[in-house]
Amino acid sequence: MTHDTTISRIRAYACEPAATPPIRFTGRDPLEHLTIEFLRLTLANGVEGIGSSTSGRLGTEPVVAAEIEAIADRVLGFDTANRSVLTDELLDEACPGPWKSLSILDCAMWDGYAQSVGTPLWRLLGGYRERIPTYASTEAFLTIEEYLDAARRFIAIGYPAIKFHMNTDVGVDLELIALITEIYGDGRVRFMTDHEQCCTFDEALRIGEAMSRGPFDWFEAPLTDTDLDAYVELNQAVDVDILCAGNILMGVNAWREGLACKAWSRLRFDASNSGGISNAIKAMGLARAYEVPVEIQSYGFAPAQFANLHVMLGMPGATWFEQPAPSEPYDVHITNPLAIDAHGCVAAPDGPGLGIAIDWYAVEAEATVTFDSAG
C-alpha cells in the first residue's frame, strides 16, 4: 500500500503522564517530572507515522509543538519517500543539537514510509536481527541498600545486565562499585554506571580504576561531554570502556571528532534528539568504520524506545538495548509495550513501520500542549 506517501496533516502533543512518578538521575538532583512529546503525521494514503521524545529534565520545557508549527508549511505536502532530504536540509539550517523536533519528525517520516510499503522499520534498515539483549536502567538512589535491592529485583526478573544512574557522591559510588564487584564478581550479570557528567577528572580516575576490577561493561558520562581532551586521557588510563552522555555532542562531525581522537570506547547517541533515523544510520556507519560498538540511549517513554530499538535491530553494531526499570511507568498510552523475554532480550515488535499502538484518545485527554495543522 504505497500510493501517495506525502504528508497531509501534522499533530503534536505534550503530556506529563500522571501514571509516571517523578525521578532523579543523580543523588544531587531533586525529583523531576518527565514529559512525553508526540508527533503524529498523517499521510495522504491514510497511514500515520509516529515520532516521540522525552523532555522535562533540568527545567526543559516541551518544544515540539511550537517548533513543528514553525516549519509546518515545509512539512505539509512533502513526500516521505524522500525523508532524509528534508531532514538533512533542516539540520543544515539548525543550530547545534540536540534537535528534538527535527529528530522525531524524521522518525515519524521513516515510520510512515515503512508502513506504506508494508515493512517493519528494522527490516527496511537491513534486518540484521530480530532481538537484542536488554539491560535494566535504573533511576538514581540515595542509599547503597536501594541500589542493591534494585539489582536483586531486576536480576530476578531476568535482566542479564543493569545500569545504575549513580548517586554521584564519589564515596557512595566507590562503595557501591566495591560491593557489586564482591557480590557479582563472577561476571554472570553485567553492570554499567552513568554519572551524568558530574565527576571531576580525579574522581573519574578513581571510579574508573575501581570499575576496571569488576563486572562492568562501561563507565558512562563521567565528565562534561565537551571536554574531549579529558576523555582521551581517561580512556587511556582505565581498563573499562568509556562513553559520553550522548545528548550534547551530536551529529556526524561531532561523532567523528570524538571517535577519531579515541575519546570514547563506544559511541552513544539517541535517534530522538540527534537527527532521527537518518542520522542514526550515519552514526552506525561511523562506529563500524572506527571499529567501536554502539550503545544507543533509549531511557524514556516507550515510543522513542521503539525507534531506537529498530535501529539496533536493523543494523549491526549495538550490543545492548536500554530499558527503563521498572518499565511500566514509561509505557503510558502504549497498548503493546516492549517486554523482556525468557532469554533476557527484547524482540522486534509486530507490524509494519515502528509497530507501535498508541491510545490517541488517552493522549489527547492528557495533553497540555497541542498543535494541529488542520486547525
S.K.: Do V369 and L39 sit in one hydrophobic cluster, given that two such residues count as connected whenever their side-chain heavy atoms are within less than 4.5 Å of each other, even indirectly?
M.R.: no
S.K.: Just by distance, no angles: are the side chains of E257 and N253 close enough, under 3.5 Å, to form a donor-acceptor pair?
M.R.: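 Note: E257 and N253 side chains miss the donor-acceptor criterion.
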S.K.: Is the Y147 ring parallel, tilted or perpendicular to the F141 ring (thresholds 30°, 60°)?
M.R.: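 Perpendicular.
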S.K.: So does R266 pair up with E220, basic N to acidic O under 4.0 Å?
M.R.: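 Not counted as a salt bridge, because no side-chain N and carboxylate O are separated by less than 4.0 Å.
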S.K.: Roughly how far, to the nearest 0.5 Å, is the CH2 atom of W122 from the CG atom of L124?
M.R.: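 CH2 of W122 is found 11.5 Å from CG of L124.
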S.K.: Taking the side chain as C-beta and beyond, is there a heavy-atom pair between F191 and V189 under 4.5 Å?
M.R.: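 With C-beta onward as the side chain, the pair touches.
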S.K.: Start with the C-alpha distance between V363 and V332, add both sets of side-chain angles, then the distance that settles side chain to side chain contact (heavy atoms under 4.5 Å, CB included), and finish with yes or no.
M.R.: CA-CA 9 Å; V363 171; V332 292; over 6 Å; no
S.K.: Please check if the number of heavy atoms outside E291 that lie under 6.0 Å from its CD is greater than 12.
M.R.: no
S.K.: Using a cut-off of 6.0 Å, state whether more than 12 heavy atoms not belonging to R188 lie near its atom CZ.
M.R.: no
S.K.: Any donor-acceptor pair under 3.5 Å linking the side chain of S265 with the backbone of D241?
M.R.: no
S.K.: Side chain to side chain contact (heavy atoms under 4.5 Å, CB included) with S272: which residues, sequence neighbours excluded?
M.R.: S53, I104, D270, A304
S.K.: Please list, chain by chain and in numerical order, all residues satisfying side chain to side chain contact (heavy atoms under 4.5 Å, CB included) with I248, sequence neighbours excluded.
M.R.: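 So I248 forms a side chain to side chain contact (heavy atoms under 4.5 Å, CB included) with Q197, D225, T226.
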S.K.: Judged by atom type as modelled, is there a donor-acceptor pair below 3.5 Å linking the side chain of T335 to the main-chain atoms of D359?
M.R.: no
S.K.: CG of L86 to CG of D106: how many Å apart, nearest 0.5 Å?
M.R.: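 Rounded to the nearest 0.5 Å, the CG-CG separation comes out at 8.5 Å.
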S.K.: Heavy atoms, side chains only, cut-off 4.5 Å: are M284 and V294 in contact?
M.R.: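 SC-SC contact between M284 and V294 confirmed.
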S.K.: Kindly write out the residues that satisfy side chain to side chain contact (heavy atoms under 4.5 Å, CB included) with E203, not counting sequence neighbours, or none if the list is empty.
M.R.: V170, C199, T200
S.K.: Does the pair Y135 and F154 meet the rule for a ring pair (Phe, Tyr, Trp, His ring centres under 6.0 Å), with working shown?
M.R.: CA-CA 9 Å; Y135 66 88; F154 298 133; over 10 Å; no
S.K.: How far does CD1 of I277 sit from CG of L121, to the nearest 0.5 angstrom?
M.R.: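 Atom-to-atom, I277:CD1 and L121:CG are 5.5 Å apart.
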S.K.: Quickly, which of Q297, E295, E322 forms a side chain to side chain donor-acceptor pair (under 3.5 Å) with R268? Name it, please.
M.R.: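 Only one of Q297, E295, E322 forms a side chain to side chain donor-acceptor pair (under 3.5 Å) with R268, namely E322.
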S.K.: Quick check for you: to the nearest 0.5 Å, what is the distance between W110 atom CH2 and S278 atom OG?
M.R.: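 Here the rounded value is 5.5 Å.
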S.K.: Would a 4.5 Å heavy-atom cut-off, applied to side chains only, mark L90 and R74 as touching?
M.R.: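 Sidechains of R74 and L90: in contact.
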S.K.: Mind checking whether L43 and S116 have side chains closer than 4.5 Å, heavy atoms only?
M.R.: yes
S.K.: Do you know which two heavy atoms are closest between L267 and V292, and how far apart they sit?
M.R.: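 Taking every non-hydrogen atom into account, N-CG2, 4.2 Å.
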S.K.: Which atom names give the shortest non-hydrogen contact between G208 and V240, and what distance separates them?
M.R.: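 Smallest interatomic distance, heavy atoms only, reads O-CG1, 3.8 Å.
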S.K.: Do I183 and I207 land in one hydrophobic cluster if side-chain heavy atoms of ILVMFWY residues count as linked below 4.5 Å?
M.R.: yes
S.K.: Check whether any side-chain heavy atom of L338 sits under 4.5 Å from a side-chain heavy atom of L309, and report yes or no.
M.R.: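 Side-chain contact under 4.5 Å: yes.
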S.K.: Answer yes or no: are there more than 12 heavy-atom neighbours, outside R24 itself, under 6.0 Å from its atom CZ?
M.R.: yes
S.K.: Rounded at 0.5 Å granularity, tell me how far CG in D173 sits from CG in N167.
M.R.: 6.0 Å
S.K.: Do L142 and I177 sit in one hydrophobic cluster, given that two such residues count as connected whenever their side-chain heavy atoms are within less than 4.5 Å of each other, even indirectly?
M.R.: no
S.K.: For the residue pair S55 / E37, report whether a side-chain donor-acceptor contact shorter than 3.5 Å exists.
M.R.: yes
S.K.: Should the heavy atoms of other residues, nucleotides or ligands under 6.0 Å from CD of E182 be counted, would the total exceed 12?
M.R.: no
S.K.: Step through the shown structure and confirm whether more than 12 heavy atoms of other residues, nucleotides or ligands are within 6.0 Å of CG on D186.
M.R.: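 Count over threshold, so yes.
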S.K.: Between F371 and V64, does a side chain to side chain contact (heavy atoms under 4.5 Å, CB included) hold up when you go through it step by step?
M.R.: CA-CA 9 Å; F371 165 69; V64 171; over 6 Å; no
S.K.: Please work out which of the three classes, parallel, tilted or perpendicular, describes the rings of Y330 and Y299, given edges at 30° and 60°.
M.R.: perpendicular
S.K.: Which pair of heavy atoms, one from G353 and one from D111, lies closest together, and at what distance?
M.R.: CA-OD1, 3.3 Å
S.K.: I'd like to know if Y290 and W218 are part of one continuous hydrophobic network [Ile/Leu/Val/Met/Phe/Trp/Tyr, side-chain heavy atoms within less than 4.5 Å].
M.R.: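 Cluster IDs for W218 and Y290 differ.
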S.K.: Between N308 and S298, does a side-chain hydrogen bond (donor to acceptor under 3.5 Å, both in side chains) hold up when you go through it step by step?
M.R.: CA-CA 6 Å; N308 284 311; S298 54; 5.1 Å; no
S.K.: Can you confirm whether more than 12 heavy atoms, excluding those of D92, are under 6.0 Å from its CG atom?
M.R.: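 Yes - once you tally the heavy atoms of other residues, nucleotides and ligands closer than 6.0 Å, there are more than 12.
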S.K.: Are M211 and M192 linked, directly or through other ILVMFWY residues, by side chains that come within less than 4.5 angstrom of each other?
M.R.: no
S.K.: How close do I162 and T138 get, heavy atom to heavy atom, and via which atoms?
M.R.: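 Smallest interatomic distance, heavy atoms only, reads CG2-CG2, 4.0 Å.
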S.K.: For T26 and D29, which I'm curious about, is there any donor-acceptor pair between the side chains at under 3.5 Å?
M.R.: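 Yes.
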S.K.: Side chain to side chain contact (heavy atoms under 4.5 Å, CB included) between D372 and E364: does it pass, once the steps are laid out?
M.R.: CA-CA 11 Å; D372 188 342; E364 291 174 342; over 6 Å; no
S.K.: Any Lys/Arg nitrogen of D149 or R153 sitting under 4.0 Å from an Asp/Glu carboxylate oxygen of the other?
M.R.: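 Yes, this pair counts.
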S.K.: Could you measure the distance from the CZ atom of F219 to the CG atom of D194? Nearest 0.5 Å is fine.
M.R.: 10.0 Å
S.K.: With distance as the sole test, does N235 use its side chain to make a donor-acceptor pair with the main-chain N or O of K262 at under 3.5 Å?
M.R.: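 Yes, the answer is positive, given that a donor and an acceptor are paired below the 3.5 Å cut-off.
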S.K.: Below 4.5 Å, heavy atoms only, C-beta onward: do I50 and R40 meet side chain to side chain?
M.R.: yes
S.K.: Can we say D217 and K163 salt-bridge, meaning some charged N sits less than 4.0 Å from an Asp/Glu carboxylate O?
M.R.: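 No, this pair does not count.
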S.K.: Distance-only, no hydrogens or angles: does the H310 side chain make a donor-acceptor pair with backbone N or O of L354 under 3.5 Å?
M.R.: yes
